Amino acid sequence: MNSRSEIQRKIIHIDADCFYAAVEIRDNPALRGKPIAVGGSAARRGVIATASYEARKFGVRSAMASATALKRCPNLILIPGRMSVYREASRQMQEIFADYTDLIEPLSLDEAFLDVSHCPRCRGSATLIAREIRRRIAERIGITVSAGIAPNKFIAKIASDWNKPDGQYVVTPAQVDDFLEDLPVDRIWGVGKVTAQRLEAQGVRTCGDVRRYDIYQFVQRFGQFGEHIYRLAQGIDERPVVSEWRRKSVSVENTYAEDLPDLDSCREQLPALLESLERRLERLDDDYRIQNCFLKMKFCDFSQTTVERQQTAPSYPDYAMLCEQAWQRGNMPVRLLGLGARLIDLTDSGGQMDLFETES
């Protein structure tokens, strides 16, 4: 089954190598070759944002508690983040991307999709364009990036991991089938641990295993999400590179140095969080409307839950009610609280939001 677009696209996924850590090493060469991580203080329950490859050898990973990272790597050099510096490096990368295409979709400060299907530079070769972009970033910004080049976003993103760090990998249209044959199914967007285990229980471990099914059989066995899995396993991904990103939500959160012991202490934190959330909402343009308000709570055992209700404006009484609902789910001390609002973008012709996946 190969119903790919007749007009062959050329998509590049650029992903910086250990971005925050790389910027810190650039600005302090004495750190080169040492295990470093950018993150919050272990004493204040900070988490790791990025770790160098030297630190990763000890099992240090992003989103890991800083205290855990220091236990795994006692010699770890923990550096507080400098977001203004990272944003400037990201801005410089965006300037370089803009020399090749207007179709740029940033995913975060350190990665982006580029559609270079109609770029005349480098003789129109996406492979040469990616190589030139990587060289210019290294020369101008002093960090390295890796790139994946493919006919669509799904394959390009996976390919950018293939030759990290400071490398690139090309999957031509003719190579798509071979590339996907042995690709683990958990590399497909949306396939988490539970779904992967369910698929494996049915003997489906790779995209090649998926491809040996008839689509109707696969959807019947694995539900409507099975169609999403099936199409990507076939290498079919027609999503465009979207150059103008619009928000789906706004949120704020805080991890507390000491656990909040009870519901009343959680409620006491709400006014400060709400004030911070309202400041962020004020910066939105007039094309946004609030549809839902939500509250996130992480307990002392690191389990977490999110509750929400339909609401057009944030208010203390509503968040206090959500706070009580969340507390009752865990009934134990709380380490993190977050408040947020789901948005409708009125410039979206459908006026629809992405489905919200409730955590439990």
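These numbers were taken from a predicted model, which means no experiment stands behind them.
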Whether [Y] and [X] form a salt bridge (side-chain N of Lys/Arg under 4.0 Å from carboxylate O of Asp/Glu) is what I want to check.
X	Y	result
Arg267	Asp264	yes
Asp27	Arg82	yes
Arg44	Glu258	no
Arg231	Glu227	no
Glu253	Lys298	no

How about [X] and [Y]: does a side-chain donor come under 3.5 Å of a side-chain acceptor?
X	Y	result
Tyr213	Arg221	yes
Glu268	Ser265	no
Gln310	Asn292	no
Asp17	Thr144	yes
Glu24	Tyr86	yes

Show the nearest heavy-atom pair for residues Ala341 and Tyr319, with the distance to one decimal. N-OH, 4.4 Å
Mind listing the closest non-hydrogen atom pair of Gln311 and Cys293 along with its distance?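 The answer is CB-SG, 3.9 Å.
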Within 45° of the ring axis of Phe58 and under 6.0 Å from its six-membered ring centre, is that where the NZ or CZ of Arg72 lies? no
Please assess Thr255 against Arg45 for the test side chain to side chain donor-acceptor pair (under 3.5 Å), listing each intermediate value before the final yes or no. CA-CA 7 Å; Thr255 300; Arg45 293 185 168 180; over 6 Å; no
Under the criterion salt bridge (Lys or Arg N to Asp or Glu O under 4.0 Å), I'd like the reasoning laid out for Arg212 against Glu181: C-alpha separation, chi angles, the key distance, then a yes or no. CA-CA 10 Å; Arg212 282 181 273 280; Glu181 178 65 25; 2.9 Å; yes
Side chains of [X] and [Y]: does their closest heavy-atom pair fall under 4.5 Å?
X	Y	answer
Phe294	Leu322	no
Arg329	Met297	no
Ile12	Phe113	no

Over 60° means perpendicular and under 30° means parallel, so classify the ring planes of Phe225 and His228, tilted if in between.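 Rings of His228 and Phe225: parallel, as their planes differ by under 30°.
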Do Ile149 and Val171 pass the side-chain contact (heavy atoms from CB on, under 4.5 Å) test, and can you show the C-alpha distance, the side-chain angles, and the key distance before you say yes or no? CA-CA 6 Å; Ile149 303 98; Val171 181; over 6 Å; no
Audit row: Asp186, Lys193, salt bridge (Lys or Arg N to Asp or Glu O under 4.0 Å) steps and yes/no: CA-CA 8 Å; Asp186 61 7; Lys193 183 181 297 184; over 6 Å; no
